[in-house]
Structure formats: structure tokens, C-alpha cells
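To start, the structure itself, in C-alpha cells.
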Amino acid sequence: MNLLKNKDLKRVIMHCVYWISFLLLYVSGKSDDTTYYDFIFVYTFKILTQATAGYGLIYWIIPQTLNKKKYLLFVVSALGWLYFVFALLMTLKYYYLEPKFPGFFDDWLGHKMTIPERLTSFKLIFREFSFITYPIIILGFISFNRKQQRLLKLEEEKKSMELKVLKNQLNPHFLFNTLNNLYTLTLKKDEKAPEVIAKLSEILDFVLYRCNEDFVAIEKEIALIENYIALEKLRYNENRLDVLFTKEIKENNKISPLIILTFTENAFKHGVINETEKATIRLHLESKKEKIIFTIENTKPQNGFERISDKSKIGLENVRKQLDLLYPKKHQLEIDETLANYTVKLSLTA
């Protein structure tokens, strides 16, 4: 059984390298009248003191106080812990290091002070606190940065999972409606059924295999919309439906799949099915530099049968959630409803 996992072992090695790099930095500033043995021996103890202070703050005091928003307790605990480490260092110097290396501390501020004087000297406390804490600040910044990276990774994984759930809700909703249209034609033994199957095959190919990515080329989304419109046109004659899809593609931007389809589907569902007169639908898609603008307008039935179903509400709510996830602060959705018309304008920053 391994005592340390590979990940933990790598982390221990990186921390050792961190502190050894500080020791090498101190050695590089060694004066000529001090031997390397004396210098390394003394500063090894000092680095152990810095490490003790740092790990106590980062892995004990901060998780128990600052992370729990106990700010006053954090300040008191941090200062208390640093003073304890300071007192430990002063005691170590007085009883062990200074007798062993008497010439090493001749120029040190607290050399001639007694233990009580050292522990109460604000000048000495400030100087030693500065020495103890500056590697801790760097270590804390590294630790904070790694934590932020982990949080960002978790947020991306959560976002990806939410999108999969939303698309799994949206795709069956769309497929059910399309298959229902085909079922109606087969019951009538309509000769248009084979053409419907061909168009449906193209749509299924896109929905099942090509829209698993977060973004697709806008030409693919256009092809999907055109196939859907073609399917709907097969159901209604020219006396029932007047639909026009215009496009102005200046830039081949990418777009989240099925976003536009939901609005198109709702326009047909609520603007045509219950309309006893001629229904009108106008779609316009504009793709320019870093911008996609989609507008769709449909007439509303004037016979009192127009009603938005719960499934349509689910589809629209899913689109809103997808927009929030994929286009945070980069989209604008405007819905305008009058007695005669229903208009949707969607602006996306690519």
C-alpha cells in the first residue's frame, strides 16, 4: 500500500522545492566572514520556523476562521499564532543558536537583549514578523490561485453538465413534435410523407450527432431551420401559411445549436395550428462581425384558440437557461406581444 498518492507526493516535492529555493536565496546573500555550514545551519532553522507559521495559517487558522467568515477571530488567531512562532524562534536563538554560533548574531538587533526584552520589543517583533511572513504571503497567493483554478474547473464542469441536461430536455421535445406531424400525414396516407421522412432524417442527423458541441457553424443552424420550415410547409397549403426566411450572412459565426429552432417551432405551433385564416411568419437572421441577430414575427390567431402550452414554456425556459450559461452578459432577448403579433428578437455576441 502506497503511503502517499502520486498527486500528494508531487505536492510534497513542490513544497520542498519552494522552501529550498528560499534557502538558496539566503545563501546567495551570505557575507564573506561566515562559513557556509554556519549560514545553512542557522537559516535552516529559520526556514523551518517560517514554514511552521505558514502552514499553521494556511491549513489550520484560515479554514477554521476566515473561510467561515469569522473575521475578528481570524485576526486574533493569526496574530496570536505568529507571536507564538516568534517567541519560539527567539527562545531557540537565545538558548541554542547564539551559544553555538556566537559570531553569527553580532549585528542582529536583539543580540544583547534578554528573553523578556525580546518578547516585548515592538521594534524586534515588527522586524521578525516581516521576516517570518513574507514567504507566507507568497505561499498564500499560490494556494489562493490554485484554489481559484479548481473552482473555475468545477464551474466549467457544472456548466457542461447543466447544458447536457437542458439539451436532453429540449431535443426530445422537438423530436416529439416533428414525429407527431409525420404521424398525422401517414394517417391521411399523404404522398408528402416520404419527403417528410427525408427532411426528418436530415434533422435527426443534426440533432443526434452534430449538435453535441456547445457551438456549431451558423450554416448548420440555418440548414436545420430551412429543413424544419420545409416540413411545416408540407403540412399547410399556401392559403394557410405565408412564411419567409431571409438571411444576411456577412461573417461565419458560431452559435449554440437549437437556440433559434425553439423560437421557430413556437411560431409555427402558436401562430399556425390554431389559425383559421392565413398565418404569417417572418424570420430574419443576420450574422456580422462578432454579432448574431435573429428576429422572428408571427401573427396570432384572432379566434381565441391561441394558448401557450406547458411544453412550449419548458422549451422557452430551457433556451433562457442555455443563453445564461453560454452567453453570460453577451445576449439580449426581447419578446414583444400584441393582440395581433408575437415578435422575438435575439442578439448574441459571438
Side-chain angles (χ1 to χ4, degrees), residues 8 10-148:
D8 294 332
K10 181 180 177 182
R11 189 176 181 183
V12 170
I13 293 173
M14 291 300 295
H15 279 254
C16 290
V17 170
Y18 175 79
W19 292 110
I20 290 173
S21 67
F22 270 97
L23 180 60
L24 294 176
L25 179 65
Y26 296 142
V27 170
S28 66
K30 181 185 78 68
S31 61
D32 295 334
D33 57 346
T34 306
T35 66
Y36 277 104
Y37 172 79
D38 293 354
F39 198 93
I40 291 174
F41 191 92
V42 171
Y43 271 91
T44 296
F45 275 94
K46 288 190 174 186
I47 285 175
L48 288 174
T49 304
Q50 290 174 325
T52 301
Y55 292 130
L57 279 173
I58 294 172
Y59 295 107
W60 175 44
I61 294 176
I62 290 177
Q64 295 299 321
T65 59
L66 190 60
N67 290 352
K68 296 180 180 179
K69 298 182 179 181
K70 300 177 181 178
Y71 302 116
L72 180 60
L73 182 59
F74 165 71
V75 172
V76 173
S77 301
L79 290 175
W81 173 248
L82 290 175
Y83 184 81
F84 170 78
V85 173
F86 162 77
L88 187 66
L89 179 60
M90 293 302 99
T91 304
L92 177 68
K93 281 184 176 181
Y94 187 82
Y95 289 105
Y96 179 68
L97 293 177
E98 290 178 46
K100 187 175 180 64
F101 306 98
F104 191 90
F105 296 94
D106 285 343
D107 298 329
W108 179 56
L109 176 64
H111 177 56
K112 296 181 179 181
M113 294 182 183
T114 62
I115 282 291
E117 289 174 336
R118 295 182 185 189
L119 298 182
T120 55
S121 172
F122 287 103
K123 188 175 181 180
L124 185 60
I125 290 172
F126 179 79
R127 181 175 175 178
E128 293 298 319
F129 266 38
S130 300
F131 173 80
I132 291 171
T133 55
Y134 82 87
I136 300 173
I137 294 172
I138 299 173
L139 186 64
F141 177 79
I142 295 172
S143 177
F144 175 78
N145 187 55
R146 291 179 69 249
K147 183 178 179 180
Q148 290 300 111

| message | Quick one, W60 with Y55, criterion side-chain contact (heavy atoms from CB on, under 4.5 Å). Give me CA distance, side-chain angles, the key distance, then yes/no. | response | CA-CA 7 Å; W60 175 44; Y55 292 130; over 6 Å; no
| message | If I take atom CG from residue L97 and atom CE from residue M90, how far apart are they, to the nearest 0.5 angstrom? | response | 10.0 Å
| request: Quick one: do Y18 and F22 satisfy ring-ring contact (aromatic ring centres under 6.0 Å, His included)? Show the steps, please. | output: CA-CA 7 Å; Y18 175 79; F22 270 97; 5.1 Å; yes
| remark: dist I132:CD1 -> T49:OG1 (nearest 0.5 Å) comes out at 7.0 Å
| field | Near-ring test F41/F45, centroid separation under 6.0 angstrom | value | yes
| Rounded to the nearest 0.5 Å, what separation is found between the OH atom of Y94 and the CG atom of L119? | 11.0 Å
| message | Would you call the rings of F129 and F86 parallel, tilted or perpendicular, taking 30° and 60° as the class edges? | response | perpendicular
| said: Donor-acceptor pair, distance only, cut-off 3.5 Å: does the side chain of Y83 make one with the backbone of I125? | reply: no
| field | CG-CG distance between L88 and L48, expressed to the nearest 0.5 angstrom | value | 10.5 Å
| field | Close side-chain approach of E128 and K46, heavy atoms under 4.5 Å | value | no
| remark: In short, I136 meets A53 closest at the heavy-atom pair CD1-CB, 3.6 Å
| Atom pair OG1 (T91) and CD1 (I115), whose distance is rounded to the nearest 0.5 Å | 4.5 Å
| remark: dist I47:CD1 -> I20:CD1 (nearest 0.5 Å) comes out at 9.0 Å
| task | Tell me whether the guanidinium CZ or amine NZ of K70 lies under 6.0 angstrom from the six-membered ring centre of F74 and within 45° of its axis. | result | no
| request: Please test L57 against T133 for side-chain contact (heavy atoms from CB on, under 4.5 Å), starting from the C-alpha separation and ending with a verdict. | output: CA-CA 10 Å; L57 279 173; T133 55; 5.8 Å; no
| request: Please answer whether the main-chain N or O of R118 pairs with a side-chain N or O of S121 as donor and acceptor at a distance below 3.5 Å. | output: no
| message | Between K68 and Q64, does the side-chain contact (heavy atoms from CB on, under 4.5 Å) criterion hold? Intermediate values first, please. | response | CA-CA 6 Å; K68 296 180 180 179; Q64 295 299 321; 3.3 Å; yes
